[in-house]
Amino acid sequence: MSLSRQDRLQVLGLWPAWRLRTPVQVALEQEVAVQQPEHSTTAPTTAAPPPRPAPAPQPPAVLLKPELPKAVPVAPTEEMHRIGEMDWTALNAAIQACTRCDLAKSRTQAVPGIGDPHADWLFIGEAPGANEDRQGEPFVGDAGKLLDAILAAIGLARGNNVFIANVLKSRPPANRDPKPEEVAACLPYLERQIELIQPKLIVALGRFAAQSLLATDTPIGKLRGQLHRYRGVPLVVTYHPAYLLRNPLDKAKVWEDLVLARDTMQSLKT
Ligand code: URA
């Protein structure tokens, strides 16, 4: 599918509201970026900020860091070894029957993922929500509709050379953040999915996917806008569609990330 630039921006909801920023707006944004705390998810601007006067001596600050969902390192168990050798049928059955964490008690069903098992494109989100828990398919709610629009913006469609999965296969109750031990318990499934799919490119949707796959606590605003690698596979980080629903102005940044992903895929194919 070939869309004009205006069509693509329309699909993302960026047209006709998208405007070139004036120099004053750019300067204001730089000032805000300079004031962002270390763990903010706002992306840093690329232009160098104006020099600032040396700060007056301060008492040592106490930094409160949010709990991070990084995988807790665990010794490879017999079970993890078995997961690493499963084919698709065994893997999906294992995910459905999984009791490796307490989320098994509250879920309606596990949500392994959906799409082309040999897709070039792999999109990875955080965890199923209420709709996904009910239907057994990832990204079927409002965030899913936006993800479909994002896919369409770069000429892709769910199931067509695209696989969609989550870090967690079971819904956290009341959509709370995943716990580190849940991420650690579930990651072997995603790792095996990636081995089976052998995607050319991974797009990590949101900070949980990005930080879990890259094993880092770097804020998403610093991870996006550059090409990473997950076990040798190029990986692009962008904002989660649910975040975009709450912060539509950041759609422009997602568009930049999509262009990076699309150009990277094109260069891999030529
Ligand atoms: N959010 C996610 O991260 N994944 C889904 O499947 C749905 C919403």
Side-chain angles (χ1 to χ4, degrees), residues 12-13 41 66-71 91-92 95-96 98 101 103-104 106-117 119 121-152 156-160 162-180 182-187 189-194 197 199 202-214 219-221 223-224 230 235-248 250-251 253-254 257-258 261:
L12 272 171
T41 56
E67 192 196 3
L68 289 164
K70 266 197 313 175
L91 185 62
N92 286 336
I95 292 172
Q96 287 298 352
C98 182
C101 77
L103 296 180
S106 52
R107 71 177 179 227
T108 307
Q109 60 189 310
V111 182
I114 196 155
D116 181 345
W121 292 84
L122 173 59
F123 288 78
I124 302 176
E126 177 179 320
N131 294 307
E132 292 76 20
D133 177 69
R134 215 174 299 121
Q135 297 183 38
E137 182 174 334
F139 285 99
V140 289
D142 288 343
K145 289 194 190 100
L146 183 52
L147 177 58
D148 286 340
I150 287 170
L151 295 178
L156 297 174
R158 189 181 282 252
N160 187 2
V162 170
F163 196 94
I164 302 172
N166 283 307
V167 174
L168 289 195
K169 310 304 185 197
S170 300
R171 180 193 181 207
N175 295 349
R176 64 155 168 74
D177 284 351
K179 294 181 182 172
E182 293 161 356
V183 175
C186 226
L187 260 185
Y189 295 124
L190 180 62
E191 286 166 359
R192 184 60 186 154
Q193 287 178 316
I194 296 172
I197 297 168
I202 297 173
V203 179
L205 301 164
R207 93 179 158 104
F208 277 91
Q211 293 179 340
S212 301
L213 289 166
L214 297 173
I220 186 167
L223 292 174
R224 60 161 294 278
Y230 169 84
L235 183 149
V236 170
V237 173
T238 196
Y239 290 115
H240 192 285
Y243 165 87
L244 271 193
L245 289 172
R246 300 188 303 271
N247 301 275
D250 275 341
K251 284 181 178 176
K253 291 180 186 156
V254 171
D257 300 332
L258 293 177

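As the structure is a prediction and not an experimental result, all values here were calculated from the model. Just follow the structure's listing: the first ligand is 1, and inside any ligand the first atom is 1.
- For the pair I194/P199, a side-chain contact is recorded, criterion being any heavy-atom separation below 4.5 Å from C-beta on.
- The G125 neighbourhood of ligand 1 comprises atoms 3 (O), with distances under 4.0 Å to a heavy atom of that residue.
- Within the 4.5 Å cutoff, the side chain of P219 has no heavy atoms near those of the R207 side chain.
- Among the atoms of F139, some N or O lies under 3.5 angstrom from an N or O of ligand 1.
- In this structure, A143 falls outside the shell of residues with a heavy atom less than 4.0 angstrom from ligand 1.
- Separation of atoms CD1 (I95) and CG (L91) is listed at 4.0 Å; rounding is to 0.5 Å.
- Considering only heavy atoms from C-beta on, K251 stays 4.5 Å or farther from I150 through its side chain.
- Here D142 pairs with K145 in a salt bridge; the nearest charged N to carboxylate O distance falls below 4.0 Å.
- With a 4.0 Å cut-off on non-hydrogen atoms, E132 touches ligand 1 through its side chain and not its backbone.
- To the nearest 0.5 angstrom, N166 atom CG is 8.0 Å from E126 atom CD.
- Among all protein heavy atoms, the one lying closest to atom 4 (N) of ligand 1 is N166 OD1, 2.8 Å.
- Listed by number with element, the atoms of ligand 1 under 4.0 Å from a non-hydrogen atom of P138 are 6 (O).
- Each of the following atoms of ligand 1 lies closer than 4.0 Å to a heavy atom of H240: 1 (N), 2 (C), 3 (O).
- Between E137 and ligand 1 there is no heavy-atom distance shorter than 4.0 Å.
- With ligand atoms numbered from 1 in the order given, ligand 1 contributes 2 (C), 3 (O) to contacts under 4.0 Å with heavy atoms of E126.
- Under the ring-ring contact (aromatic ring centres under 6.0 Å, His included) rule, H240 has a single partner from F139, F123, F208, which is F139.
- Annotation: atom 2 (C) of ligand 1 to nearest protein heavy atom, A127 O, 3.1 Å.
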